[in-house]
Amino acid sequence: MKRFLYRQWALAGLVCLSAHAWAGDRPYLATTTAVAEEDDDNVWAVASNYQQVGENRISVGSVEYAFNPTNSIQFEITHNRDREADTAEQEVEIEYKHLFNHIARDGWGWGLSTTLIFAKPQDEVWRHGGVALTVPFSLSLWEGEGLLHLNAGVMKPVDEVEQWRVSAAIERKVAKNTTLFTELARQGEQTTLHGGVRYWVKRDKLAIDFSLQRVQGAEQRADGFVIGLNLFDL
């Protein structure tokens, strides 16, 4: 399986922000969904994206394996380059997610996600970066043509105090192959607004995402964009 690179979702140049990534389900960057796909038995999904946020250039990649509709594991790897500081950092996240019910049956779903984080600052060795715990909730809207996602969780970096993290996201199908989406997320003193469009080149198999984002910290703000490519049911 080809390896893709994924970036930390916090801006390195922002003051007093978490140094760790925001893991999320695509097309989201910080939101985990609680949607159980009924045909997800022993299947793979691969996603990659490229981001620009201020002076940061980020390559993103993830590989997910679904054991069944309610249990999956995801591997993500990040490469984040800050052009202004001329530094680079890599990060790996390993997430296990369990869902407690099926949204197709109940109209809503919820679950539990646990993430291990490893980081490699420039010219340093790999080290344990922390752990995150998230409770995702999803609600079906517009007779199945849209979804609302809510997340609440905590992230504990190594040798640092824990940070609460919350997010809300919504998506709606607006055409046969087109879905609009947006999300609002906060962790510590960082607030992220992100939204765009997903186009299905082949329904439930191949999707392209384009979105804009804004990251607001305690003292600085940066804008950027995201371009993503996603493969499902491999």
Side-chain angles (χ1 to χ4, degrees), residues 22-47 49 62-76 93-115 132-155 164-187 192-209 211 226 228-234:
W22 287 66
D25 291 337
R26 302 298 177 256
Y28 306 111
L29 299 177
T31 302
T32 298
T33 71
V35 177
E37 300 289 349
E38 298 301 319
D39 59 347
D40 277 358
D41 280 302
N42 303 310
V43 296
W44 295 85
V46 178
N49 68 53
S62 66
V63 177
E64 181 181 17
Y65 179 73
F67 302 96
N68 52 52
T70 57
N71 292 280
S72 64
I73 188 168
Q74 179 172 274
F75 171 87
E76 290 190 338
E93 295 194 4
I94 303 172
E95 177 198 29
Y96 176 77
K97 181 169 66 174
H98 173 72
L99 303 181
F100 295 102
N101 67 327
H102 292 248
I103 193 171
R105 178 191 64 201
D106 302 325
W108 58 276
W110 75 288
L112 187 64
S113 167
T114 303
T115 304
L133 186 67
T134 303
V135 177
F137 171 84
S138 296
L139 177 68
S140 180
L141 301 174
W142 300 295
E143 297 182 348
E145 296 297 309
L147 291 165
L148 170 68
H149 309 291
L150 302 173
N151 283 188
V154 63
M155 192 274 186
W164 293 99
R165 53 199 305 184
V166 294
S167 69
I170 194 167
E171 61 188 85
R172 185 171 187 180
K173 181 180 178 180
V174 294
K176 180 179 179 181
N177 295 321
T178 306
T179 300
L180 298 181
F181 61 88
T182 187
E183 69 177 324
L184 178 65
R186 185 169 179 84
Q187 176 176 312
T192 302
L193 178 62
H194 167 240
V197 59
R198 163 167 284 189
Y199 178 75
W200 289 95
V201 178
K202 186 175 182 180
R203 190 66 190 177
D204 298 328
K205 295 291 185 180
L206 174 61
I208 298 174
D209 304 325
S211 53
V226 186
L229 179 65
N230 311 270
L231 300 171
F232 302 94
D233 292 343
L234 300 177

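Quick note: numbers below take in every heavy atom, side chains included, and nothing from hydrogens, waters or symmetry partners.
Using a 4.5 Å heavy-atom cutoff, the side chains of R198 and N230 are in contact. Side-chain contact check for L231 versus W44: every heavy-atom pair is 4.5 Å or farther apart. In this structure the side chain of L112 reaches within 4.5 angstrom of the side chain of L133, judged on heavy atoms. Using a 4.5 Å heavy-atom cutoff, the side chains of E76 and E95 are not in contact. Counting only heavy atoms from C-beta outward, the side chains of R203 and K176 never approach each other to under 4.5 Å. Side-chain atoms of T70 and F100, non-hydrogen and from C-beta on, never get closer than 4.5 Å to each other. Looking at T182 and I170, their side chains come closer than 4.5 Å, going by heavy atoms from C-beta outward. T31 places none of its side-chain heavy atoms less than 4.5 Å from the side chain of H194.
How far CG of L206 is from CG of D204: 11.5 Å, rounded to the nearest 0.5 Å. Here F137 contributes atom CZ and L150 contributes atom CG; the two are 6.5 Å apart, rounded to the nearest 0.5 Å. Going from atom CG of D41 over to atom CG of N71 covers 10.5 Å, rounded to the nearest 0.5 Å. To the nearest 0.5 Å, atoms CG (L180) and OG (S211) are separated by 11.5 Å. Put simply, NZ on K97 and CD on E64 are 6.0 Å apart, with the number rounded to the nearest 0.5 Å.
The heavy-atom pair separating S72 from A66 by the smallest distance is CB-CA, 4.0 Å.
Residues H98 and Y96 keep their aromatic ring centres 6.0 Å or farther apart.
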Check the pair D233 / E37 against side-chain contact (heavy atoms from CB on, under 4.5 Å), numbers first and verdict last.
CA-CA 11 Å; D233 292 343; E37 300 289 349; over 6 Å; no
Could you walk me through whether V46 and L234 pass the side-chain contact (heavy atoms from CB on, under 4.5 Å) test, one step at a time?
CA-CA 8 Å; V46 178; L234 300 177; 3.7 Å; yes
For E171 and T179: C-alpha separation, side-chain torsions, deciding distance, then whether side-chain hydrogen bond (donor to acceptor under 3.5 Å, both in side chains) applies.
CA-CA 7 Å; E171 61 188 85; T179 300; 5.6 Å; no
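Proximity of a side-chain donor or acceptor of D25 to a complementary backbone N or O of T33 within less than 3.5 Å is detected. Looking only at distances, no side-chain donor or acceptor of N177 sits under 3.5 Å from a matching main-chain atom of V201.
Partners of F232 under the ring pair (Phe, Tyr, Trp, His ring centres under 6.0 Å) rule, at least two apart in sequence or in another chain, are W200.
Side-chain atoms of S167 and E183 include no donor-acceptor pair closer than 3.5 Å. Side-chain contact check for E93 and T115: no donor-acceptor pair (N or O, by modelled atom type) lies under 3.5 Å. Between the side chains of D209 and Y199, no donor-acceptor pair of N or O atoms lies under 3.5 Å.
Between Y28 and F181, the angle of the ring planes goes over 60°, which puts this pair in the perpendicular group of the 30/60° scheme.
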Report all side-chain donor-acceptor pairs from residues 138-147 shorter than 3.5 Å, counting only partners two or more places apart or in another chain.
unit_1: S138; atom_1: OG; unit_2: A34; atom_2: N; d: 2.8
unit_1: S138; atom_1: OG; unit_2: H149; atom_2: ND1; d: 2.7

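The side-chain contact (heavy atoms from CB on, under 4.5 Å) test with N151 is passed by exactly one of V135, T134, V166: T134.
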